[in-house]
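Computed over heavy atoms, backbone and side chain alike; hydrogens, waters and symmetry mates excluded. These figures come from a predicted structure and were not determined experimentally. Numbered from 1 within each chain, the chains take letters A, B, ... in sequence-line order.
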2 protein chains.
Amino acid sequence: MKPKIEDVAKVAGVSPTTVSRVLNNRGYIGDKTREKVHKAMEELNYYPNEVARSLFIKKTFLIGLIFPTTSNPFYGQLIFHLENIAASLGYKVLLCNSQGREDKERGYLKMLQRNQVDGIIAGAHNKGIKEYEDPNLPVVGIDRYLSKKIPVVSSDNYQGGEKATQLLINKGCKTIIHINGPISLETPANKRRKAYEEVMKNNQLTPLTYEYDSNDSVFSRLFNENPEVDGIFASDDLIASRVMQEARRRGIDIPTQLKVIGYDGTETTRLLLPELSTVEQPIRDIAVIALEILLKQINNEEDFQSETIIPVRLIESDTTRK
Amino acid sequence: MKPKIEDVAKVAGVSPTTVSRVLNNRGYIGDKTREKVHKAMEELNYYPNEVARSLFIKKTFLIGLIFPTTSNPFYGQLIFHLENIAASLGYKVLLCNSQGREDKERGYLKMLQRNQVDGIIAGAHNKGIKEYEDPNLPVVGIDRYLSKKIPVVSSDNYQGGEKATQLLINKGCKTIIHINGPISLETPANKRRKAYEEVMKNNQLTPLTYEYDSNDSVFSRLFNENPEVDGIFASDDLIASRVMQEARRRGIDIPTQLKVIGYDGTETTRLLLPELSTVEQPIRDIAVIALEILLKQINNEEDFQSETIIPVRLIESDTTRK
DNA sequence: TTTCACATGTCAACCGGTTGACATAAATTA
DNA sequence: TAATTTATGTCAACCGGTTGACATGTGAAA
């Protein structure tokens, strides 16, 4: 059986209350007593039961993370930072991979509440989950509007879209196509597309957007329908990579015949595909701010922004070089 | 204030015990009563407090995951599967990114015990953590020997090393170099290297291994010191990618002048670098088996293997094609 | 000598569930 | 009609901590 406070007290020859006092640094404790207690804890291999503690103090120091999947480089890196920063602040992290499925996200939301998490950070992609409407606990959304009451943190998607599109134009591209993942209007990521469209129009160019909804045929369709394409702005690096592969298959040289720019700039894509120009999201900063806002909510501080937008950085590489 | 069983009971006009019975499906409950209770729970937006429940039943349905980082494609994908399968089995997952740091790993180990996790799955890379010596709770290691008592699950690293090396030999390579990450003797991953060395010797070739310990100069050193190199077996795809970049920089054509094969074959690398030949680890299978063994330990079943080795699959692509 | 800050102890209530013991009453079944 | 089975209630103990109230005994400062 696991030792409890009582056992520690017995071994140390003190009362349970004293042990608790040592554990929580409350009231007066003598140096020798403190030492005796610590020695006893070590001897018994005692670990205070956080479950019991949480029950009483009504706080678990747990944060739920709901994201589509850790397998994706962007979310993997974001989750890494979130966990890291949370840990440094004394919080633990319950991981939930919603896989873009609404039913899973709902299930996780319930689970997290039953487990009394102190707050939730969500970057999943389902819309219309009513549970978010009146969150009875602190929530922060990342790159996603969950409800009016829930603060959002995202990078400056509009600025990113502008920078990417403008770069292609500056490099002399005339037929620039945008390709993005499944569209949900509630996503700040759509601002990338809006920026693309506006920049195109401002330059007397016609915007043309394709949507990749896990139907691989878009890539070949895109080239078939636009043989004159000379610039592609993909809404993430993985899609950009697919585009590059299709171009290679068709013998189209990058960057001389076609210029490509992606989005995200994660460590992994930068390592595996350093030649790809991209718009780097400040992933760590997003994590820092999301947690900052979440903790303010948890601590009932009111002074947090309902929407935070962080600037992005253009990383120019071979795929857009002349 | 969050509603509790008592509140639900009041609204439903029944006793707390009856509510608990409905919740746990114990004893006799009439249909109309069950309904009343459910209606009351919905009305109050009641979520049973798992913390209180855990305290009493002495089980949290929590599993701790300790891995270096979710940011790496291999771990990201592994953790994705682990969380997924755990969720399907009714378990939740506490995420710990140890970043390869011993102190962090120790801290996490303590944290997980304090939080009464039912078990731990660890794939971090520190050796000599005494806490693993007598684990007072179920642990499974992935690709890593933690202690004699802890079962390990890994893919067949020796076989993978053999397959990779043999492929290069079959393709006619004469000067084949192996490059791996930091070596720790306790890691099954070193079997990749051992296989490489033995296959080389069996073919009257001289093995030569480089070690990449986050000092980027190895890549250029490798080529400088071995201008005649025509085959490289990298111990993971990220390293393989670096090798390819260095080769490109030097104008060495892949695959005609140099053949390269990596290791891991994650979704992400396959998407971003489909041209790279690699040895695919059965990541999902590893996760399934690790959880199977962990649950057997949790449920005090004794019939699990202390070491499980799962076969790998060679994926041949452009970087080793003639 | 009188205070009082320091050090520790005892005791009981509480956090929000679970569970077993026991009681009661209605509906079935023998 | 008697014996069960079904349905529900009351009550109290328990899980392992935390905390406040209160008591007691030091030694040092006033």
> Are the side chain of N49(B) and the backbone of Y47(B) linked by a donor-acceptor contact shorter than 3.5 Å?
Replying inline: no
>> So which atom in P151(B) and which in V139(B) form the shortest heavy-atom distance, rounded to 0.1 Å?
In response: CD-O, 3.5 Å
>> I'd like to compare against my own output: the B/S/- annotation of nucleotides 11-20 of chain D with a strict under-4.0 Å heavy-atom distance to protein.
In response: B--BBBBBBS
>> If we count only N and O atoms by modelled type, under 3.5 Å, do the side chains of E50(B) and N115(A) hold a donor and an acceptor together?
In response: no
> Distance-only, no hydrogens or angles: does the T60(A) side chain make a donor-acceptor pair with backbone N or O of Q116(A) under 3.5 Å?
Replying inline: yes
>> According to side-chain contact (heavy atoms from CB on, under 4.5 Å), who are the partners of I310(B), at least two apart in sequence or on a separate chain?
In response: V153(B), P282(B), D285(B), I286(B), I289(B), T308(B)
> Y28(B) OH to dA7(D) C1': how many Å, rounded?
Replying inline: 9 Å
